[in-house]
Structures are given as structure tokens and as C-alpha cells.
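When a ligand or atom number is given, it counts from 1 through the structure's own listing order. Remember, predicted model here, so these are calculated numbers, not experimental data. What's counted below: heavy atoms across the whole structure, side chains too, no hydrogens, waters or symmetry copies.
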Amino acid sequence: MAMDSPILNFSINPIGTVHSCFKEKFAIPRQPSLALAARGEIELFSPYDDPLAIAGLEEVSHLWLSFIFHQAMPKDGEVRLRVRPPRLGGNKKIGVFASRATHRPNPLGLSVVKLDGIKNGRLQISGIDLLDGTPIVDIKPYVPYADALPTASNAIANESPELILIEFTPDALCSAIDQGKRLGQPVKELVEQMLAQDPKPAYQNPDPKRIYGVKIWDLEVKWLYPQQGLITVISISKSG
Ligand code: SAH
């Protein structure tokens, strides 16, 4: 039973937002550090858009970000005790608190990301698993001696997921390189690392003719599954 407590209805206000390479949820890696070429930046809101608030961060390589799953907000009165993590093929349920699923009692996410630098007051980050526009509620420095636990285990997700093979058609490869130059971003690496995670649901048997697509930066990436375990990237073009 809920007890009377002054913090029961505590409200949380975003201190910033993420500008991310990922423009839609589909195909975002399921954890940070799986796609190191996934980049973005954090724009801080007033009054935290002040050098005083980030003084000392130049000494830090990685950050913990607390954020809001703003595109997975719980519906009023909705209670989900169990979820189907993609990791288990999408057909086995585990407790919500045993999973990193986005649909949670409070839509709060936690990701550790690399801090590549600070430019015009914005924190440049990589290895992200965050959607564009994600509200950031707190930033903390990663503390290796306390946060890296060599004896930790999780039998549900002990190793990073198996990767699948990615190939590009010659045209798609040229576009990846050209668009990467135009944007000043590692587009080819991002596409490879993102798709190697196999974004399609594990239970879905791909029809080799079906074309999948997703938006990254201002680009539309299209691919298909010519056979099990292989992705062919067929085009990368500016999205309309
Ligand atoms: N590392 C985080 C996120 C795990 S789930 C944590 O453990 O809390 C990762 C998935 O969250 C991604 O695949 C992406 O599809 C989804 N996601 C990222 N940002 C989101 C947002 N703002 N709203 C809803 N879903 C988001």
C-alpha cells in the first residue's frame, strides 16, 4: 500500500534534450555501446545551459544518462507486470523489473554513453541508443571503480547479441560514403553497426522481397533479407 510521503508525487523536469542520429524507434540498438558510430549531442536547457553546470566533465570519458522514454509513455491506469524482451525472441515473458524494456511503470531510461567532447555548450556523445528528441532528466559521470563490476552476471543477457552479416549494393555503398562526407558523420559504419543487430523482430521470418526502411540523420536507409542471417543495404538517400 502506498504510504503518505512528501515525495509520492515528485515531478521531474527535463534538463535537456538529445539531438540523435536516430529519427525513429525502429532499428535503434537495444542497448548503448552496440553501435559506436551512433552519435548525437545533448542540448542543455536554461538554467543548466551554463558552463558552470558541466565544469569538470572534460575529465570524464563516459556518462550515465537518465532520460524519459517519451515515445513509450504508459497509458492511464495501465499496469504491465511482465514484458516480452526481444532478446528472448519476443515470445517469452519476464518481469518488467528483470528487463530493460521501454514500457515501464515510470518511463525512465538509463544509458551509459561515451562523452567525445563539448562543442558550443553541447555534450557530444556516441554509442547511443536514444531517439531524437529524448528528454534528459539527469547526467552523471561514469565512475569506473564503482560502476564496472567484473563479477556481474545476467544469464538472460550475458553476452552482446549475435550479429548478422551486412552487405551493400555498389550504389548504396557509394551513397553511404558520399552522404557521410556531406554530413561529416560515419554513415557507413552506423548503418553496418545498426543493422548488424538485426532490427526485425526475432519471430519474423523475412520475405526476401520485403523492403525495410528507417531514417537516420536526414537519410532514408533501405534494406532487404535475401536469406536468413544476411542483410543487403539497397539504398541510402536523402529523405524527402
Ligand atoms: N539503455 C536504456 C534503453 C533500453 S531499451 C535502458 O536500459 O533504460 C532501448 C530501446 O529504447 C531502443 O531500441 C529504442 O527503440 C528505444 N528508445 C530510445 N529512446 C526512446 C524514447 N525517447 N522513447 C521511446 N523509446 C525509446
Side-chain angles (χ1 to χ4, degrees), residues 12-45 62-75 78 80 82-90 92-115 123 125-142 147-149 152-154 156-164 190-204 212-217 221 231:
I12 288 182
N13 299 310
I15 51 100
T17 187
V18 178
H19 299 275
S20 165
C21 56
F22 298 118
K23 306 301 176 188
E24 50 187 295
K25 282 189 285 184
F26 181 54
I28 300 181
R30 293 174 183 127
Q31 288 302 334
S33 295
L34 295 173
L36 296 175
R39 294 184 182 171
E41 52 182 26
I42 300 173
E43 174 189 353
L44 293 165
F45 297 151
H62 290 75
L63 304 173
W64 285 109
L65 303 179
S66 299
F67 62 92
I68 298 175
F69 288 119
H70 72 305
Q71 285 204 7
M73 300 296 275
K75 293 187 193 87
E78 183 188 35
R80 267 198 220 198
R82 301 200 303 155
V83 296
R84 281 176 228 249
R87 195 57 203 251
L88 299 176
K92 196 176 159 227
K93 287 188 176 178
I94 59 171
V96 64
F97 300 128
S99 106
R100 304 283 285 258
T102 57
H103 286 88
R104 322 192 61 79
N106 294 295
L108 291 174
L110 187 64
S111 290
V112 67
V113 301
K114 184 157 180 285
L115 176 61
L123 310 184
I125 52 178
S126 62
I128 62 177
D129 59 349
L130 308 168
L131 183 64
D132 194 44
T134 295
I136 298 288
V137 297
D138 203 5
I139 299 171
K140 296 182 187 186
Y142 184 83
D147 295 346
L149 305 172
S153 67
N154 177 343
I156 300 168
N158 223 0
E159 276 164 27
S160 50
E162 225 176 277
L163 301 181
I164 69 169
L190 175 57
V191 170
E192 275 169 346
Q193 295 167 9
M194 166 181 83
L195 296 183
Q197 310 291 324
D198 196 1
K200 132 188 102 42
Y203 51 82
Q204 207 176 82
Y212 290 74
V214 78
K215 289 189 169 66
I216 55 164
W217 298 116
V221 180
I231 279 180

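Looking at atom 26 (C) of ligand 1, its nearest protein heavy atom turns out to be Phe69 CD2, 3.7 Å. In this structure, the protein non-hydrogen atom closest to atom 3 (C) of ligand 1 is Asp129 OD2, 3.4 Å. For atom 10 (C) of ligand 1, the nearest protein heavy atom (residue, atom name, distance) is Thr102 CG2, 3.8 Å. Ranking protein heavy atoms by distance to atom 9 (C) of ligand 1, first place goes to Arg30 O, 3.5 Å. Of the protein's non-hydrogen atoms, the one nearest atom 23 (N) of ligand 1 is Gln71 N, 3.1 Å.
Between Leu131 and ligand 1, a contact under 3.5 Å exists for at least one N or O pair.
By the 4.5 Å heavy-atom criterion applied to side chains, Ser160 and Leu34 are counted as neighbours. In this structure, the side chains of Asn13 and Phe45 stay at 4.5 Å or more apart for every pair of heavy atoms. Proximity of Ile68 to Leu108: side-chain heavy atoms (C-beta onward) are separated by under 4.5 Å at one or more points.
Which parts of ligand 1 touch His70 is read off a 4.0 Å heavy-atom cut-off, strictly below it: atoms 21 (C), 22 (N), 23 (N). Within ligand 1, the atoms closer than 4.0 Å to a non-hydrogen atom of Gly109 are 8 (O), numbered from 1 in the order shown. The ligand atoms of ligand 1 that sit less than 4.0 angstrom from a heavy atom of Pro32 are 1 (N). Residue-ligand proximity, Thr134 to ligand 1, at heavy-atom distances under 4.0 Å covers atoms 19 (N), 21 (C), 22 (N).
At a heavy-atom distance under 4.0 Å, only backbone atoms of Pro29 (N, CA, C or O) approach ligand 1. Of all the heavy atoms of Leu108, none lies under 4.0 Å from any atom of ligand 1, so neither backbone nor side chain is involved. When non-hydrogen atoms are compared, ligand 1 lies under 4.0 Å from the backbone of Ile28 as well as from its side chain.
From Asp147, atom CG reaches atom CH2 of Trp64 across 5.5 Å, with rounding to the nearest 0.5 Å. Note that CD of Gln71 and OG1 of Thr102 are 10.5 Å apart. Values are rounded to the nearest 0.5 Å.
Remark: side-chain polar atoms of Glu43 are not paired, donor with acceptor, to backbone N or O of His19 under 3.5 angstrom. No side-chain donor-acceptor contact under 3.5 Å links Arg100 to the backbone of Pro85. Formation of a donor-acceptor pair under 3.5 Å by the Ser20 side chain with backbone atoms of Leu130 is found in this model.
Contacts classified as salt bridge (charged side-chain N to carboxylate O under 4.0 Å, His left out) and involving residues 19-39 (residues at least two apart or in different chains) are given here: Lys23-Asp132.
Of the candidates Lys25, Glu24, Arg100, Arg104, the one placing a heavy atom closest to atom 7 (O) of ligand 1 is Arg100. Closest heavy-atom approach to atom 2 (C) of ligand 1 within the set Val112, Ile136, Leu110, Asp132: this belongs to Leu110.
Counting all heavy atoms, side chain and backbone alike, Leu195 lies closest to Ile164 at O-CG1, 3.9 Å.
Using a 4.0 Å heavy-atom cutoff, Ile68 is listed among the residues neighbouring ligand 1.
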